[in-house]
Amino acid sequence: MAKNFSTRQENYSQWYNDIVIKADLAENSAVRGCMVIKPYGYAIWEKMQSALDKMFKDTGHSNAYFPIFIPKSFFSKEASHVKGFAKECAVVTHYRLKNSDDGKGIIVDEDAKLEEELIVRPTSETIIWDTYKNWIQSYRDLPILVNQWANVVRWEMRTRLFLRTTEFLWQEGHTAHATKDEAIAETKQMLNIYADFAENWMALPVLKGTKSPNERFAGAIETYCIEALMQDGKALQSGTSHFLGQNFAKAFDVKFLSKENKLEYVWASSWGVSTRLMGALIMAHSDDNGLVLPPKLAPIQVVIVPIYKKEEQLAQISEKANQIKKALQKKGISVKYDDRDTFKPGWKFSEYEFKGVPVRLVIGPRDLENETVEIARRDTLEKEVLKITDIENKVEHLLEQIQKNLFQKAYSFREDNTYKVDSWNEFKEIIDKKGGFLLSHWDGTEETEEKIKEETKATIRTIPLDNNPEEGKCIYTGKPSKQRVVFAKAY
RNA sequence: CGGGGUAUAGCGUAGUCCGGUUAGCGCGCCUGCUUUGGGAGCAGGAGGUCGCAGGUUCGAAUCCUGCUACCCCGACCA
């Protein structure tokens, strides 16, 4: 099944597509730009969701749900917001179909035109702030810490499975605060949660920082982001957290009475990660043998494959395998015992390898005799034969090791592909030939960023938060600069 | 949305230029037997409105027109 797929070197984007399709993560649907997330892919997303959801709840947030449709008039209330999203909105204009006059099909009933068109949400700030207006009167009503898990639609020109689809799944947090400082603290807290999730669950090292004005969210005062480096040397924005100031409060007239009995506008944040994280996960760790998953997000952490000649042998092996399965499950490890007789062991090995299952246990007649089991790890493809005693602790330990190793590998890759660059020629050379993160000085102007983008396709991915101030000269204009920023080509 | 390419069985493809038997092959699928420590072997079998809609023709996978989807490159973007 998973034979004949591309390698990263041959064709990186084909390699990515092959993994998504052949590892059964997702496929294209009958609707242009929209994907079907298949059970195996969705299981990974569910693991991401539950880990993130717990982190949100642990920091005081609650889930709620707002409509998928937004009245057009709401949408246009915040000027830069509408400007940023107008070009990619799906619009509902009618609410009824009818049979066509020639009886051959079904058409839109022109009599059923909506008084006011509805926008399919590309994000929910407007409908949520219109709602918050009714929820907030006094400082006692604040803060509001709400998240929603939802689908959104952005009508993109070019789509790629998980990385950019017309409809995608995400979570969007929308918070309301009495003070500016509190809203900024919330924005930063959520950024840290995203970074924590990326590094500890996805085994994906990320840079934390802010966006340049060019790349800022439409309607935000400041956009914070986490940026990760993919194996082809391109950057992937993996999560954003926005400090919205009072922009939406002013647009929707959301005020509260402070302790001092003064009427003030509410301060806001919003933050989100999407199914794009699936793309990041795939591109961060996978190899030319297929998907590689960090144990903490793998739907199946351990697969057990029996090898046998006769039915009675299978019965003996199954007994042993089920014992191991139970012992592992007791430790909270997800195990699949694949005793299907319709596939041969070699076929199963390749299958689970391609699907990125972190650990494979093999039990055959030899193992029954010797009280052993063969254990193979997906990240390094190493195999060894272990005594079956205490196997659950050995497996648990190995899963932890794999999780660490994947992070370490991704981290070294990023280190090896991050360059301090001070000459424009070198900058162009590295961006063109190698890719990666380039740390260079920037004069802080939009014009310079635009020019660099035109000439090299590289953009400022982030202005790192943990930056050491350093006097220098802009890589492009030579004007004075106080810190380095991160340039890269981006997804 | 602009440029280029592709569309034939579940998947990959031959045939298309130059119209003419029953549209061929590999993988997969089904049945049976032999197999099982890295994608098994043999035998038999099923599966096709040739992307969709028109047109030209005695005759269209093949020629013409329109549409749709997908891939690559740009612009846009999480």
Side-chain angles (χ1 to χ4, degrees), chain A residues 1-6 11-14 16-18 21-22 27-35 84-89 104-105 122-123 152-172 194 211 214-218 223 225-228 235-242 270-280 289-290 305-311 313-314 317 339-354 360-370 372-376 381 383 385 453-454 457 459 461 490-491:
Chain A
M1 165 224 174
K3 267 182 264 182
N4 302 325
F5 50 89
S6 304
N11 187 341
Y12 189 86
S13 53
Q14 190 60 46
Y16 173 81
N17 288 338
D18 284 353
I21 301 289
K22 290 173 181 166
E27 62 189 34
N28 284 304
S29 70
V31 185
R32 182 196 194 115
C34 295
M35 63 179 165
F85 285 104
K87 281 180 288 183
E88 51 188 33
C89 287
K104 281 182 181 163
T123 182
V152 286
V153 166
R154 296 182 188 175
W155 215 266
E156 302 289 352
M157 294 300 165
R158 243 178 102 188
T159 59
R160 290 195 69 193
L161 291 168
F162 288 121
L163 295 172
R164 180 172 304 110
T165 45
T166 300
E167 179 194 23
F168 57 94
L169 306 183
W170 78 346
Q171 57 68 214
E172 46 181 326
Y194 288 155
K211 285 292 189 190
N214 264 345
E215 302 273 332
R216 201 174 277 156
F217 175 74
T223 288
C225 63
I226 52 172
E227 291 281 330
L236 187 77
Q237 178 175 308
S238 307
T240 49
S241 183
H242 313 290
S270 71
W271 28 275
V273 295
S274 71
T275 35
R276 181 177 240 205
L277 287 179
M278 294 286 293
N289 297 299
V305 177
I307 291 171
Y308 58 94
K309 289 202 169 115
K310 298 171 206 149
E311 281 299 316
Q313 238 169 23
L314 175 62
I317 290 167
D339 61 350
R340 288 177 298 174
D341 192 37
T342 45
F343 294 94
K344 296 190 54 178
W347 192 94
K348 292 176 186 173
F349 295 172
S350 303
E351 172 82 358
Y352 293 111
E353 202 162 284
F354 199 83
R360 181 185 73 227
L361 299 178
V362 177
I363 308 173
R366 285 209 299 269
D367 297 303
L368 281 188
E369 261 176 57
N370 305 329
T372 56
V373 58
E374 183 191 86
I375 184 163
L381 297 171
K383 287 193 283 199
V385 176
K453 186 181 176 186
E454 276 169 31
K457 288 172 192 158
T459 49
R461 296 327 302 155
Y491 272 94

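Every chain is numbered from 1, with letters handed out A, B, ... down the list of sequences.
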Exercise. With Watson-Crick and G-U wobble geometry limited to distances under 3.5 Å, how should the secondary structure of RNA chain B be encoded in dot-bracket form, using | for bases paired to another strand and [ ] for crossing pairs?
Worked result: ((((((((.[[[[.)....(...]]]].((((((.....)))))).....[[[[[..)....]]]]])))))))....
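B/C63 and B/G20 have their P atoms separated by 11 Å, with the value rounded to a whole Å. The same atom, P, is picked in B/G37 and in B/G74; the two are 46 Å apart, to the nearest Å. For the P atoms, the distance from B/U6 to B/G51 is 13 Å, rounded to whole Å. Separation of the C1' atoms belonging to B/C50 and B/U13 is 13 Å when rounded to the nearest angstrom. Taking the C1' atom of each, B/C73 and B/C30 are spaced 44 Å apart, rounded to whole Å. Here, B/G26 and B/G15 have their C1' atoms 16 Å apart, quoted to the whole Å. Using atom C1' as the reference point in both B/G48 and B/A9, the two lie 5 Å apart (nearest Å). Between B/G32 and B/A23, the two C1' atoms lie 30 Å apart (nearest whole Å).
Looking at heavy-atom distances under 4.0 Å, A/Thr240 makes no contact with the nucleic acid at all. At a threshold of 4.0 angstrom between heavy atoms, the contacts of A/Leu163 include nucleobase atoms, whether or not backbone atoms are also involved. Looking at heavy-atom distances under 4.0 Å, A/Thr123 makes no contact with the nucleic acid at all.
For A/Asn214, the side chain to side chain contact (heavy atoms under 4.5 Å, CB included) test picks out A/Ser212, A/Glu446, A/Glu449, A/Glu450, with sequence neighbours left out. For the ring pair (Phe, Tyr, Trp, His ring centres under 6.0 Å) test, no residue two or more places apart in sequence or in another chain qualifies with A/Tyr16. Every residue two or more places apart in sequence or in another chain that forms a ring pair (Phe, Tyr, Trp, His ring centres under 6.0 Å) with A/Phe85 is listed here: A/His81, A/Phe217. Residues that satisfy the salt bridge (Lys or Arg N to Asp or Glu O under 4.0 Å) test with A/Glu27, not counting sequence neighbours, are A/Lys38. Residues satisfying the salt bridge (Lys or Arg N to Asp or Glu O under 4.0 Å) criterion with A/Arg340, sequence neighbours excluded, are A/Asp338. Residues satisfying the salt bridge (Lys or Arg N to Asp or Glu O under 4.0 Å) test with A/Arg154, not counting sequence neighbours, are none. Looking at residues two or more places apart in sequence or on another chain, you find no salt bridge (Lys or Arg N to Asp or Glu O under 4.0 Å) involving A/Glu172. Scanning for side chain to side chain contact (heavy atoms under 4.5 Å, CB included) contacts around A/Leu314 gives A/Pro306, A/Tyr308, A/Glu311, A/Ser318, A/Tyr337, with sequence neighbours left out.
With 3.5 Å as the limit, one finds no donor-acceptor pair spanning the side chains of A/Ser270 and A/His242.
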Identify all pairs in which a protein N or O lies below 3.5 Å from an N or O of nucleotides 67-72 of chain B, and state each distance.
residue, atom, partner, partner atom, Å
B/A69, OP2, A/Arg32, NH1, 3.0
B/C70, OP1, A/Gly33, N, 3.3

So which protein N/O to nucleotides 32-36 of chain B N/O distances come out below 3.5 Å?
residue, atom, partner, partner atom, Å
B/U36, O2', A/Tyr308, O, 3.4

Listed pairs, N/O of protein and of nucleotides 3-8 of chain B, under 3.5 Å:
none

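Residue A/Lys348 places no side-chain N or O under 4.0 Å from the OP1 or OP2 atom of B/G37.
Projected onto RNA chain B by closest heavy-atom contact, A/Val385 and A/Gln237 fall at different nucleotides, the more 5' of which corresponds to A/Val385. Take the nearest nucleotide of RNA chain B for A/Met157 and for A/Arg216: the residue whose nucleotide is more 5' is A/Met157.
For the side-chain hydrogen bond (donor to acceptor under 3.5 Å, both in side chains) with A/Gln14, the lone residue among A/Asn17, A/Asp18, A/Asn11 that qualifies is A/Asp18.
Between the CG atom in A/Asp341 and the CG atom in A/Asp339 there is a gap of 8.5 Å [rounded to 0.5 Å].
Of the charged side-chain nitrogens involved, at least one lies within less than 4.0 Å of a carboxylate oxygen, so that A/Glu227 and A/Lys211 count as a salt-bridged pair.
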